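All values below were derived from every heavy atom in this structure, side-chain atoms included, with hydrogens, water molecules and symmetry-related copies excluded. Keep in mind it's a predicted model, so treat the numbers as computed, not measured. Whatever order the structure lists ligands and atoms in, that order sets their numbers, starting from 1.
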Amino acid sequence: MEKDYSIAIGMMSGTSLDGIDACLVKIYNDMNFEILDSYSMDYPKDVREKLFLLANNNGNVKDVCLMDFIVGKLFAKCALGLIDKSGLKKDEIDFIASHGQTICHIPEEQNIGGVSSKSTLQIGNVSVISALTGITTVGDFRSKDIAVGGEGAPLVPFADEIIFKKDIPRAIQNIGGIGNVTVLSQDCDTFAFDTGPGNMLIDYFSKKLFDVSFDKDGELASQGKVDEQWLQYLLREPYYDKIPPKSTGRELFNNDYAEKIFLNAPKQKCDVIATVTMLTARTISEAYQKFVLPKTPIKEIVLGGGGAYNKTLIKYLNECFSQQISIKTHSDFGIDDKVKESLAFALLGFCTINKKFNNVPTCTGAKKRVIMGIVSYS
Ligand SMILES: Nc1ncnc2c1ncn2[C@@H]1O[C@H](COP(=O)(O)OP(=O)(O)O)[C@@H](O)[C@H]1O
Ligand SMILES: [Mg+2]
């Protein structure tokens with residue numbers, strides 16, 4: 001008898017460039033799922049530094065070419081680390097689904113020689129992952145959606161619909177390098193967009209001012225106070241007023257951007273961290289006021305991504321929403337905040353393997369539903 005489930009590994013590394021998150025998941029044919037295990041692997045320091053350069057548009061084609069294979073090897077290592085940790089055997093894994101590492105994402109059409117296109121690039125070569133693990137691997141999810149007119153992002157809402165259903169109006173708010181929200185409600189089609197920086201500016205100034213890679217648990221921000229004047233200046237960024245669907249990344253909120261805004265920053269170092277932490281909270285709450293609440297009265301926000309561990313950020317969010325909307329995390333639903341997105345890619349990959357549509361055009365702006373992802377067979 002054919003089994004009615006697949007055992008999959010989903011892998012993701014986001015714009016924070018902190019490292020690879022992976023999860024092992026049993027996916028039933030009706031798309032119900034059970035998380036079996038998870039594993040994270042930091043990028044080696046030199047790799048992270050190189051990726052930072054590439055993501056900030058500093059590097060040449062040779063660097064991109066090489067890093068595609070280096071990152072592919074690291075994703076393979078992460079998958080093998082997870083398999084080892086789980087005690088399963090390699091041949092028990094049906095497939096790996098890897099988002100890869102975005103190093104460039106251009107959601108606007110650009111024209112060369114009369115031909116125009118949006119574009120995106122995720123490295124971490126799928127053939128390398130498949131060859132080194134011996135497991136069929138799916139990757140390059142975003143290109144197909146762009147090819148049919150979408151932005152190739154966000155892709156996680158597909159999984160949000162499966163995980164959370166629509167019993168009450170909810171906002172699923174991921175806080176990775178960038179903040180992204182998926183709105184799930186019976187009042188409207190599922191929609192989603194990037195709210196603005198998530199941890200990206202917090203990480204940047206934590207490194208610059210305190211030489212740490214992030215503000216663990218929001219400790220530094222908790223010691224500062226929000227500089228309202230600088231905050232108002234930061235909120236003038238035109239991206240926040242753009243009407244969804246919209247997506248952003250390091251192409252906008254990069255090192256140059258951070259250095260530019262730093263010119264007007266407060267003197268106290270902790271105030272800088274507190275203010276950019278509040279910027280994340282305020283851009284989320286203002287985006288909901290402008291673009292979400294007019295469509296549906298959300299009752300609950302579910303936070304995910306590494307930012308869900310930032311206690312000061314959660315405190316600020318509660319202040320911004322005046323305690324009127326309940327703020328939970330994925331952990332409240334039995335899903336580790338840090339592995340949620342890797343779970344999403346396992347579910348997306350399940351559809352690729354089974355030839356089912358997996359983009360959500362109301363979220364990406366694509367003209368039609370397609371099967372995203374390319375497969376390298378074992
Ligand atoms: N304990 C913590 N306290 C505060 N922030 C954290 C904590 N753990 C992780 N983070 C933040 O989360 C980021 C990574 O989150 P992640 O969801 O992996 O983002 P991405 O998808 O962009 O890689 C880190 O760069 C850091 O800013
Ligand atoms: Mg990450």
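- Side-chain N/O atoms of Thr364 and Asp145 include a donor and acceptor closer than 3.5 Å.
- Side-chain contact annotation: Ser331 with Asp337, donor-acceptor N/O pair under 3.5 Å present.
- Defined by atom type and a distance below 3.5 Å, a donor-acceptor pair is present between the side-chain atoms of Arg142 and His99.
- At a threshold of 2.8 Å, the Mg ion (ligand 2) has no backbone or side-chain N, O or S atom of Asp21 nearer than that distance.
- Lys340 and Asp336 are not joined by a salt bridge, as no carboxylate oxygen comes within less than 4.0 angstrom of a charged side-chain nitrogen.
- Ion pair Lys242/Asp194 not flagged as a salt bridge, since none of the NZ, NE, NH1 or NH2 atoms sits closer than 4.0 Å to an Asp/Glu carboxylate oxygen.
- In Asp18, the N, O or S atom that comes nearest to the Mg ion (ligand 2) is OD1.
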Ligand 1: protein N/O within less than 3.5 Å of ligand N/O:
unit_1, atom_1, unit_2, atom_2, d
ligand 1, 1 (N), Asp217, OD1, 3.1
ligand 1, 3 (N), Asp217, N, 2.7
ligand 1, 10 (N), Gly306, O, 3.3
ligand 1, 12 (O), Asn199, ND2, 3.3
ligand 1, 15 (O), Gly306, N, 3.3
ligand 1, 17 (O), Gly306, N, 2.9
ligand 1, 18 (O), Asp18, OD2, 3.3
ligand 1, 18 (O), Lys338, NZ, 3.1
ligand 1, 19 (O), Ser16, OG, 3.2
ligand 1, 22 (O), Thr15, N, 3.1
ligand 1, 22 (O), Ser16, N, 2.8
ligand 1, 22 (O), Ser16, OG, 2.9
ligand 1, 22 (O), Gly177, N, 2.7
ligand 1, 23 (O), Gly14, N, 3.2
ligand 1, 23 (O), Asp18, OD1, 3.0
ligand 1, 25 (O), Asp203, OD2, 2.7
ligand 1, 27 (O), Asp203, OD1, 2.6
ligand 1, 27 (O), Asp203, OD2, 3.2

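- Side chains of Thr182 and Asp160: a donor-acceptor N/O pair is present below 3.5 angstrom, by distance only.
- A salt bridge links Lys328 with Glu300: the distance from a Lys NZ or Arg NE/NH1/NH2 to an Asp or Glu carboxylate oxygen falls below 4.0 Å.
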